[in-house]
Trainee: 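Sharing a structure with you now.
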4 protein chains.
Amino acid sequence: MRAGEKIHKGEKREAILQAALELIAEHGLQHTPMSLISKRSGASAGIIYHYFESKDDLLASLFYRIKGDMNRAIGAADDPQQPLAKRFQSLWLSIFRYCLTHPQEMSFLEQYESAYCMVQGDRTKTFYDMVEDKFHQEMLKGEVAPETQALYNLANDLRREDLLKDLPLEVVNEFTLGVAHRLARQEAAGLLHLDEATLKDIARACWDAIAR
Amino acid sequence: MRAGEKIHKGEKREAILQAALELIAEHGLQHTPMSLISKRSGASAGIIYHYFESKDDLLASLFYRIKGDMNRAIGAADDPQQPLAKRFQSLWLSIFRYCLTHPQEMSFLEQYESAYCMVQGDRTKTFYDMVEDKFHQEMLKGEVAPETQALYNLANDLRREDLLKDLPLEVVNEFTLGVAHRLARQEAAGLLHLDEATLKDIARACWDAIAR
Amino acid sequence: MRAGEKIHKGEKREAILQAALELIAEHGLQHTPMSLISKRSGASAGIIYHYFESKDDLLASLFYRIKGDMNRAIGAADDPQQPLAKRFQSLWLSIFRYCLTHPQEMSFLEQYESAYCMVQGDRTKTFYDMVEDKFHQEMLKGEVAPETQALYNLANDLRREDLLKDLPLEVVNEFTLGVAHRLARQEAAGLLHLDEATLKDIARACWDAIAR
Amino acid sequence: MRAGEKIHKGEKREAILQAALELIAEHGLQHTPMSLISKRSGASAGIIYHYFESKDDLLASLFYRIKGDMNRAIGAADDPQQPLAKRFQSLWLSIFRYCLTHPQEMSFLEQYESAYCMVQGDRTKTFYDMVEDKFHQEMLKGEVAPETQALYNLANDLRREDLLKDLPLEVVNEFTLGVAHRLARQEAAGLLHLDEATLKDIARACWDAIAR
DNA sequence: GATGAATGAGCTTTCATTCAT
DNA sequence: TATGAATGAAAGCTCATTCAT
């Protein structure tokens with residue numbers, strides 16, 4: 001009964017995270033009280049605090065679960081055997097598609113990141129500076145956000161071949177993952193429709209931006 | 001005393017908006033109660049409801065005030081007499097600088113837009129679809145968000161000269177205003193430092209992305 | 001209308017404190033939720049937080065209101081013109097009577113003081129060490145708890161005449177105020193009945209304990 | 001294995017009581033949830049309800065365990081062979097020392113007794129009137145609280161020799177156990193330091209209060 | 001005996017909004 | 001216009017107790 005029990009445990013925790021994700025995507029971070037998460041997930045109000053220390057902890061856990069999923073999904077699409085230009089296109093398209101097919105996750109990420117990003121003095125603090133739970137601490141030990149790992153690997157390969165302009169890595173990131181993310185959001189919102197051919201054109205435009 | 005009274009009116013309303021902007025940038029949308037806005041602005045709790053119908057109305061008013069400011073600041077930098085490539089560079093740099101020098105406004109915009117953007121069914125609804133007050137209605141009559149006007153004018157000029165790739169306008173927007181916005185954010189957060197030369201390189205990379 | 005307003009304001013604050021006192025004496029500190037204080041006092045749940053920062057602040061305010069009352073009541077009974085032995089008896093009886101006629105206040109004081117007194121390491125911390133609000137800070141500026149002031153004045157006069165044994169002041173305090181307090185509690189609880197004559201005998205026994 | 005099992009049983013029950021005692025002395029009665037007692041004692045949340053009917057029952061059991069300990073400790077110090085004045089001094093000092101060396105027990109007793117003592121109408125009800133479990137019922141069958149037994153034995157001996165003033169027994173109790181208890185508390189809190197000589201002076205002052 | 005996940009009523013506190021003055 | 005005390009629903013969270021295993 002061991003395995004069964006563990007699955008059951010994991011399922012409840014997962015149900016809570018899933019309920020939170022759906023509700024936040026539907027009603028917004030501000031209009032998602034714990035009571036609603038409790039109702040939707042089928043968990044009692046109290047038990048949520050058995051799995052998560054606080055609402056903040058729940059949200060942080062959800063954040064890192066999504067980041068991890070995204071990282072895995074995108075990383076899986078990278079094939080180091082392929083030629084570099086082809087790899088870049090595949091990666092760009094896989095980012096775009098992940099964003100497009102995960103609107104709830106994208107909605108959550110955007111709300112969460114912007115809610116924890118504020119100005120102090122003449123300084124903007126990102127949520128990475130502000131939230132101090134174990135998850136964030138662990139994450140900060142790595143040098144880059146996990147979902148950019150595949151991209152950074154590719155960027156290093158490009159640089160080795162001297163195919164990349166001399167731009168900061170963050171800028172390269174904005175021209176690829178950033179642009180893909182934002183366009184996928186607009187497509188998901190119906191503000192835009194991009195067919196296969198256009199997508200490839202855009203991927204190519206990104207390439208033009210960063211390639212020497 | 002008429003004129004004086006009117007100035008006084010405007011000042012109080014402005015003080016409320018300014019207090020809201022500062023507090024939201026400092027503490028976040030979720031942690032900015034009306035009571036704090038009242039304290040910071042020097043206006044009583046009650047009188048805020050004389051100037052604004054509700055908190056939502058106050059936030060929407062602030063949103064449109066900022067959008068207007070931004071539009072004016074960016075538009076002012078566009079000189080139709082200049083050659084097109086030069087115009088593009090100027091515009092890109094002026095967008096970047098506006099974002100960099102207005103961290104409170106950027107913080108507010110990001111929080112506000114993401115808080116009012118949610119998923120229903122398999123559809124992402126932007127806050128433009130959801131908020132229904134007079135301001136939004138007025139805005140929706142125009143075809144594009146005001147701050148992109150100068151960029152769209154330039155894009156049309158570029159297209160007339162056949163200098164622009166055949167990409168949707170929204171994509172062009174992402175490669176310019178979007179990229180500038182996100183990089184300015186990172187610079188403001190101290191995650192990145194971009195010197196004058198690098199900025200011009202990035203503006204050029206944007207141009208490479210969209211120019212034929 | 002000024003005076004009227006002020007009285008009205010004070011009345012609501014006072015009503016809250018009075019309701020808290022009654023309920024705590026009736027049901028105990030642990031079984032007196034803010035909701036009950038709100039109901040009994042006729043104040044809404046929210047407005048209590050206009051007058052007091054928190055439940056702790058409310059309790060601390062009540063504590064100092066009672067300490068002040070007690071001090072005034074007991075101090076008023078001391079007549080420096082009287083002979084010293086007579087003054088001691090009067091003071092002792094007035095302490096006893098105050099305790100006896102204010103059972104709610106006594107119940108509250110006992111619960112409050114013991115609830116905030118705990119052991120850390122091999123050290124007992126009194127609530128004076130633990131609570132850190134403005135009231136306590138103010139109180140600690142004085143050298144002795146206010147209700148012992150009259151007693152301390154008398155003790156000094158006795159010492160000047162060399163009528164007092166060479167005992168620490170705290171010990172003198174226990175033999176007078178302390179004993180009176182505890183006996184009044186037992187009388188109020190019906191565990192004991194002390195008539196006038198016996199009371200005078202006890203006051204005399206206290207005198208025997210401390211007088212040379 | 002019988003004996004072993006019984007020892008095991010007793011140990012777990014004792015561990016729970018000990019954990020409760022420590023936590024209540026450290027954090028206060030109000031801030032000692034069952035979950036903490038469970039953690040500190042190493043017993044699961046559920047099993048506590050095998051040993052105790054409820055939290056109230058656990059607290060009552062702890063109360064009587066402490067009262068019994070105290071009684072035994074103090075009674076052991078009384079030697080009926082000694083002269084009466086000497087016996088009184090020994091008893092007083094042994095009370096004082098027990099209180100001083102058992103700060104957790106004292107903290108618990110004070111909190112427990114005051115939390116269960118409340119005012120109804122113009123009447124103060126002690127916790128003896130209010131708690132109705134078997135322990136209290138048993139206790140009420142005896143005429144006096146157990147820890148005063150040794151003192152009462154001595155008081156009777158004194159009265160037989162006509163050495164005692166004509167004061168109610170409760171008053172005698174206050175002048176001895178009561179005063180010792182309160183002074184030990186203050187010493188434990190560091191508000192006071194009483195050396196051996198002073199302690200004997202105080203024991204003598206108590207004697208002066210009650211002796212004819 | 002023993003576990004610890006689960007319950008759900010109840011807690012303190014917050015806050016957008018109203019309204020008598 | 002302007003005030004700020006007052007409202008009360010709703011928020012996040014706690015905790016004594018139960019019960020399937």
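Proteins come first, then strands; the chains are lettered A, B, ... in the order of their sequence lines, and each starts at number 1.
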Trainee: Between the main-chain N or O of B:Leu29 and the side-chain N or O of B:Gln111, is there a donor-acceptor pair closer than 3.5 Å?
Mentor: yes
Trainee: Please give the distance between the C1' atoms of F:dT21 and E:dG1 as a whole number of Å.
Mentor: 13 Å
Trainee: Rounded to whole angstroms, how far apart are CD on D:Glu11 and C1' on E:dG1?
Mentor: 15 Å
Trainee: Mind calculating the distance between OH (C:Tyr51) and C1' (F:dT7) to the nearest angstrom?
Mentor: 13 Å
Trainee: Nearest heavy atom decides the nucleotide; on that basis, is D:Ala43 or C:Ser54 closer to the 5' end of DNA chain E?
Mentor: D:Ala43
Trainee: Does the side chain of A:Glu14 pick up a donor-acceptor pair with the side chain of A:Gln18 at under 3.5 Å?
Mentor: no
Trainee: B:Ser44 side chain: which of F:dG4, E:dT7, E:dT17 is closest?
Mentor: F:dG4
Trainee: What's B:Ser38 touching, base or sugar-phosphate or nothing? Going by heavy atoms closer than 4.0 Å.
Mentor: nothing
Trainee: Are the charged groups of A:Glu105 and A:Lys67 less than 4.0 angstrom apart, N to O?
Mentor: no
Trainee: Check the distance between F:dA16's C1' and D:Leu59's CG and give it to me in whole angstrom.
Mentor: 12 Å
Trainee: Whole angstrom is fine here: how far is it from CG in A:Asp56 over to C1' in F:dA11?
Mentor: 14 Å
Trainee: Is there a side-chain polar atom (N or O) of D:Lys12 under 4.0 Å from OP1 or OP2 of E:dT3?
Mentor: yes
Trainee: Counting Watson-Crick and G-U wobble pairs only, both distances under 3.5 Å, name the nucleotide matched with F:dT7, or none.
Mentor: E:dA16
Trainee: Looking only at the side chain of C:Ile47 (C-beta and beyond, no hydrogens), which of the listed nucleotides F:dA6, E:dG1, E:dT13 gets closest?
Mentor: F:dA6
Trainee: Does F:dA16 have its OP1 or OP2 closer than 4.0 Å to a side-chain nitrogen or oxygen of D:Ser35?
Mentor: no
Trainee: Which is more 5' along DNA chain E, the nucleotide nearest C:Pro33 or the one nearest B:Gln30? Just name the residue.
Mentor: C:Pro33
Trainee: Report yes if at least one side-chain N or O of C:Tyr49 is closer than 4.0 Å to OP1 or OP2 of E:dC15; otherwise report no.
Mentor: no
Trainee: Using whole Å, what does the distance between atom P of nucleotide E:dT14 and atom CZ of C:Phe52 come to?
Mentor: 15 Å
Trainee: If you measure from CZ on A:Phe52 to CG on A:Leu59, what distance do you get to the nearest 0.5 Å?
Mentor: 9.5 Å
Trainee: How do D:Lys55 and A:Ala45 order along DNA chain F: which one's closest nucleotide is nearer the 5' end?
Mentor: A:Ala45
Trainee: Does C:Ile48 or A:Gly46 map to a spot on DNA chain F nearer the 5' end, using the closest nucleotide for each?
Mentor: C:Ile48
Trainee: Specify the separation, in whole Å, of atom CD of D:Glu53 and atom P of F:dA16.
Mentor: 17 Å
